[in-house]
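Below: one structure, written as structure tokens.
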Amino acid sequence: MQNVERNTVKPMGEVELAKPKLDLSNVLTKLQTQVESFFLKKGYIFLFIGFLLGRALILAKLTPFSLPFFAAVYFVRRDRAPIALFGLVAGAATLALSEAAFTFGSIVLFLLLYRLAEKWVEDELKGLPILVFSTIITVEFLKILIGSGEFTIYESAMAAIESGLGLILTLIFLQSIPLMTVSKRKQSLKTEEIVCLIIMLASVMTGTIGWSIYDLSIEHTLARYLVLVFSFVAGATVGSTVGVVTGLIFSLANVSSFYHMSLLAFAGLLGGLLKEGRKLGVALGLIIATLLIGMYGEGGEQLSKTMLESAAAVLLFLLTPSSLTSKIAKHIPGTPEYTAEQQQYMRKMRDVTARRVAQFSNVFQALSKSFSTIEDQTEPEEASRDLDYFLSNVTEKTCQTCFKKDHCWARNFNTTYDYMSEIMHEMDNQSGTISPRLSREWDKHCTRSKKVMEIMQQQLTYYQANRKLKKQVQESRKLVADQLLGVSEVMGDFAKEIQRERENHHKQEEQILEALQDFGIQIEQVDIYSLEQGNVDIDMTIPYCGGHGECEKLIAPMLSDILGETILVNSEECSPFPNGVCHVTFRSAKAYAVKTGVAHAAKDGDLVSGDSFSTIELGGGKYAIAISDGMGNGERAHSESQETLMLLQQILQSGIEEQVAIKSVNSILSLRTTDEIFSTLDLAVIDLQNASSRFLKIGSTPSFIKRGNKIIKIQASNLPMGILQEFEVDVVSEQLKAKDLLIMMSDGVFEGPKHVENYDLWMKRKISELQTDDPQAIADLIMEEVIRSRSGLIEDDMTVVVAKIDHNIPKWASIPVKKEA
């Protein structure tokens with residue numbers, strides 16, 4: 001037993017020993033976190049920047065950086081202002097103690113003026129640069145008074161220049177300092193913010209002028225390193241901009257560094273162009289720029305020193321971690337990292353939206369199940385309970401005062417209960433009467449048989465009314481359950497649609513672009529969103545076509561040959577001027593097309609008909625034709641039928657299945673008013689991909705399909721809408737074919753002919769005698785025949801809708817494209 005335990009424990013010891021003692025990635029992460037906490041959260045970065053700006057010079061004399069930096073820090077991060085003050089004074093002290101004193105004095109004067117101005121200045125942000133300008137010019141005039149005591153033109157001009165620079169630098173620092181705060185910025189950097197950040201970094205670097213390591217200038221090395229980073233991150237445009245701005249700041253600080261502006265700008269341009277070579281390509285750009293610009297220097301010794309400085313910058317650049325460059329790139333528009341960050345954000349928002357929609361779908365589905373299961377669980381129990389309540393009410397008014405109460409209910413409970421239950425059921429089923437046999441047996445059993453039967457007949461009325469009410473409630477629950485389930489299915493499909501990403505079709509885009517260009521058609525851009533059979537979706541950008549119809553006549557037929565299905569122009573936006581471009585969307589053509597014709601007339605020739613009709617374009621390639629006949633004639637009937645079709649159209653277009661949509665409309669119509677106002681509905685839904693059709697007829701007349709010499713009758717038996725709260729919708733399916741004619745009509749047309757016994761035979765004969773296949777002509781002819789049969793009188797509202805189903809053939813045939821073998 002001890003050996004077994006020893007063998008069991010031993011592998012666990014081996015697993016423990018196999019773990020690494022030091023995880024290098026965790027160490028680097030902790031180090032990075034500590035550095036960020038020290039510099040950003042604790043604010044010691046302002047100490048470092050303040051030290052360098054405190055000793056930065058312009059034209060080897062002016063120090064305009066100190067006060068603007070302090071003012072910006074004091075306005076943005078007031079809690080870090082003491083750290084910035086200490087850094088600025090310490091940096092100025094490296095130049096001269098008098099400079100440190102003037103820096104400290106200017107900051108104190110600024111704080112005093114700031115406190116005084118708070119009472120009168122409403123917008124502190126706008127007043128801050130002016131306050132800095134006033135402080136600097138005051139201090140400069142004090143310097144002149146303390147020094148020479150005379151105001152010369154040169155000294156006054158230098159004071160004005162330093163004050164103006166202070167005003168501009170305050171605006172720059174106000175935009176730059178928030179970029180270094182702890183708060184995470186999700187938005188991208190604007191162009192102005194990028195330039196301000198570069199000016200600030202270059203200004204900080206001027207504080208290193210005069211520093212060197214092994215005779216290598218630190219400011220030159222840092223400037224080139226800065227250009228390398230931004231060239232690598234953002235490309236040639238931003239890289240060259242950084243080079244120009246940095247070189248300009250350095251040339252102002254030290255006139256001897258003027259040629260470095262050309263070197264940095266050229267290095268930023270070359271580095272950005274060689275960005276595809278990664279870090280080595282950007283570094284090569286700096287080396288080439290250094291060699292070319294360095295040849296204008298003072299000879300070989302100066303060139304070798306410049307090359308060593310560039311080499312040091314390249315070494316720093318190669319040692320820079322990719323995480324830092326990626327973090328910078330995420331904030332600069334146009335970079336792949338920025339695009340990926342935006343796509344990730346959009347994908348996250350899409351997933352959150354889809355998840356919320358799916359949750360709502362689950363909620364509606366759960367509600368639908370709860371409504372569906374309520375009556376299933378309680379129906380047997382309620383039936384037994386209702387019977388007990390019925391008998392209890394009867395016995396309360398009869399048996400409670402009877403002297404044989406104990407004999408009937410205490411000794412013969414089952415017999416009495418069974419007799420009364422049987423009497424109640426027979427009365428319910430036989431309109432209040434019972435069989436003679438049961439009557440004789442009940443007279444023998446009960447001494448108050450007639451009294452009991454009278455009370456049972458009275459209570460039966462209440463029982464039947466209560467049962468009818470409960471049935472209506474159950475029917476309403478079932479309707480609500482179906483509606484909730486329909487909404488749940490629509491929302492579930494919508495959630496799946498949201499999560500469906502656009503597929504990458506780069507290869508197909510290039511193939512289509514190449515095929516069209518080889519044919520001689522100029523295409524600027526092709527974007528493929530879907531290549532699914534029957535659901536092709538392609539966007540193109542082409543040069544201005546001058547209204548010659550290139551898209552419809554050439555591009556769509558060529559795409560039809562390339563993709564193997566008929567492609568049509570869905571939408572086209574042409575440029576209003578000749579040098580612009582046109583944006584075109586191509587979609588799959590439906591296999592079938594529907595052409596309709598309508599004829600209608602109001603009773604007695606009135607202007608308002610009680611009939612309404614509609615042709616509805618549904619999603620998913622479906623086409624719906626509907627006729628509704630409101631009860632009666634005139635304005636009221638017209639509004640009823642029109643509202644029926646409007647409700648149906650909106651529900652169908654939301655994606656809810658046809659039967660649920662019709663039940664929903666019926667529920668709304670039946671619950672909306674107590675008036676007996678009903679509407680019929682004749683609905684045909686045709687699938688344009690395979691020509692299959694579904695007919696839903698609610699109180700409407702038959703429809704007819706003419707297929708050559710054959711006439712097919714479509715009918716169903718349903719009451720008009722609004723009569724019953726719950727009814728089953730009979731759905732008739734029929735496969736249509738090309739050249740078929742679908743004829744739908746209201747009762748005013750079907751039952752309109754006078755002295756006709758069989759309306760079906762009369763209508764079939766008239767349809768078979770038609771010599772045309774034009775839908776509008778057929779509708780007019782049928783209407784004319786019905787009116788002629790009544791000697792020109794119109795005794796009811798009449799509507800005829802005729803639809804012709806045919807293959808969808810585009811105007812332009814497909815154009816074959818040469819394909820590779």
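Excluded from the calculations below are hydrogen atoms, water molecules and symmetry mates; all remaining heavy atoms, backbone and side chain alike, are included.
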message = Once ring-ring contact (aromatic ring centres under 6.0 Å, His included) is applied, do any residues pair with F232, and if so which ones, sequence neighbours excluded?
response = F317
ask   = Is V282 close to L274 at the side-chain level, that is, under 4.5 Å between some pair of heavy atoms?
value = no
ask   = For L228, does its backbone N or O pair with a side-chain atom of S231 as donor and acceptor, under 3.5 Å?
value = no
key: Value rounded to 0.5 Å, distance of CG in L248 from CG in L264   = 11.0 Å
task = Decide yes or no on side chain to side chain contact (heavy atoms under 4.5 Å, CB included) for R224 and T306, but give the supporting numbers first.
result = CA-CA 11 Å; R224 294 169 199 180; T306 305; 3.4 Å; yes
request  = Apply side-chain contact (heavy atoms from CB on, under 4.5 Å) to L273 and list each qualifying residue two or more places apart in sequence or on a separate chain.
outcome  = A236, L269
key: Partners passing side chain to side chain donor-acceptor pair (under 3.5 Å) against T221 (at least two apart in sequence or in another chain)   = none
inquiry  = Tell me every residue that passes side-chain contact (heavy atoms from CB on, under 4.5 Å) with L167, counting only those two or more places apart in sequence or in another chain.
reply    = P129, F133, L171
key: Heavy-atom side-chain contact between F70 and L111 under 4.5 Å   = yes
ask   = Sequence neighbours excluded, which residues qualify as ring-ring contact (aromatic ring centres under 6.0 Å, His included) partners of F110?
value = Y114
key: Smallest separation among heavy atoms of A71 and V132, with atom names   = CB-CG2, 3.6 Å
ask   = Are any side-chain N or O atoms of E572 and backbone N or O atoms of C582, one a donor and one an acceptor, separated by less than 3.5 Å?
value = no
inquiry  = Taking the side chain as everything from C-beta on, heavy atoms only, tell me whether L53 gets closer than 4.5 Å to S66.
reply    = no
remark   = Across all chains, not counting sequence neighbours, the side-chain contact (heavy atoms from CB on, under 4.5 Å) partners of T541 are E524, Q525, V581, H583
query = If you draw a 6.0 Å radius around CZ in F86, do more than 12 non-hydrogen atoms from other residues or ligands fall strictly inside?
reply = no
task = Could you pull out the closest heavy-atom pair between P68 and I136, with the gap in Å?
result = CD-CD1, 4.4 Å
key: Heavy-atom side-chain proximity of T135 to I107 below 4.5 angstrom   = no
ask   = Excluding sequence neighbours, so at least two apart, what forms side chain to side chain donor-acceptor pair (under 3.5 Å) with Y74?
value = none
key: Check: L226 and V242 side chains under 4.5 Å, non-hydrogen atoms   = yes
Side-chain heavy atoms of K305 within contact of E309, under 4.5 Å = yes
key: Between CD1 on residue I137 and OG on residue S106, distance to nearest 0.5 Å   = 14.0 Å
inquiry  = Testing the basics here: between L165 and P64, what is the closest heavy-atom pair and its distance to 0.1 Å?
reply    = CB-CB, 3.9 Å
task = Measure up the F69 and F173 rings against each other and bin them: parallel (under 30°), tilted (30 to 60°), perpendicular (over 60°).
result = perpendicular
Residues 88-101 side chain polar contacts: donor-acceptor under 3.5 Å, at least two apart:
unit_1	atom_1	unit_2	atom_2	d
T94	OG1	R55	NE	3.1
T94	OG1	G91	O	2.4
E99	OE2	T63	OG1	3.0

inquiry  = Working to the nearest 0.5 angstrom, can you tell me the gap between T290 OG1 and F266 CZ?
reply    = 10.0 Å
note = In this structure, NE2 of H220 is separated from CH2 of W211 (nearest 0.5 Å) by 15.0 Å
request  = Could you go through the side chain to side chain contact (heavy atoms under 4.5 Å, CB included) check for M540 and L516 one step at a time?
outcome  = CA-CA 11 Å; M540 283 191 188; L516 295 176; 3.5 Å; yes
query = For residues 228-250, which residue pairs qualify under salt bridge (Lys or Arg N to Asp or Glu O under 4.0 Å), counting only residues two or more places apart or in two chains?
reply = none
ask   = Should I528 and I512 count as side-chain neighbours, where that means a heavy-atom distance under 4.5 Å?
value = yes
task = Apply salt bridge (Lys or Arg N to Asp or Glu O under 4.0 Å) to D539 and list each qualifying residue two or more places apart in sequence or on a separate chain.
result = none
task = Check side chain to side chain donor-acceptor pair (under 3.5 Å) between S156 and all other residues, then give those that pass, not counting sequence neighbours.
result = none
query = What pair of heavy atoms forms the shortest contact from T246 to A223, and how long is it?
reply = CG2-CB, 3.8 Å
query = At what distance, to the nearest 0.5 angstrom, does CG of L52 lie from CG of L47?
reply = 9.5 Å
ask   = Can L263 and L286 be said to form a side chain to side chain contact (heavy atoms under 4.5 Å, CB included), step by step?
value = CA-CA 8 Å; L263 190 154; L286 175 62; 4.3 Å; yes
request  = State the CG-OG1 distance between L67 and T170, to the nearest 0.5 angstrom.
outcome  = 6.5 Å
task = Only counting residues at least two apart or in another chain, list the ones meeting side-chain contact (heavy atoms from CB on, under 4.5 Å) with I130.
result = S134
query = Taking all atoms of both residues into account, what is the closest heavy-atom pair of V73 and A84, and its distance?
reply = CG1-CB, 4.1 Å
task = Starting from the C-alpha separation in whole Å, work towards a yes-or-no answer on side chain to side chain contact (heavy atoms under 4.5 Å, CB included) for I199 and V245.
result = CA-CA 7 Å; I199 292 175; V245 173; 3.5 Å; yes
ask   = Are T138 and L109 side-chain neighbours, meaning at least one heavy-atom pair lies under 4.5 Å?
value = yes
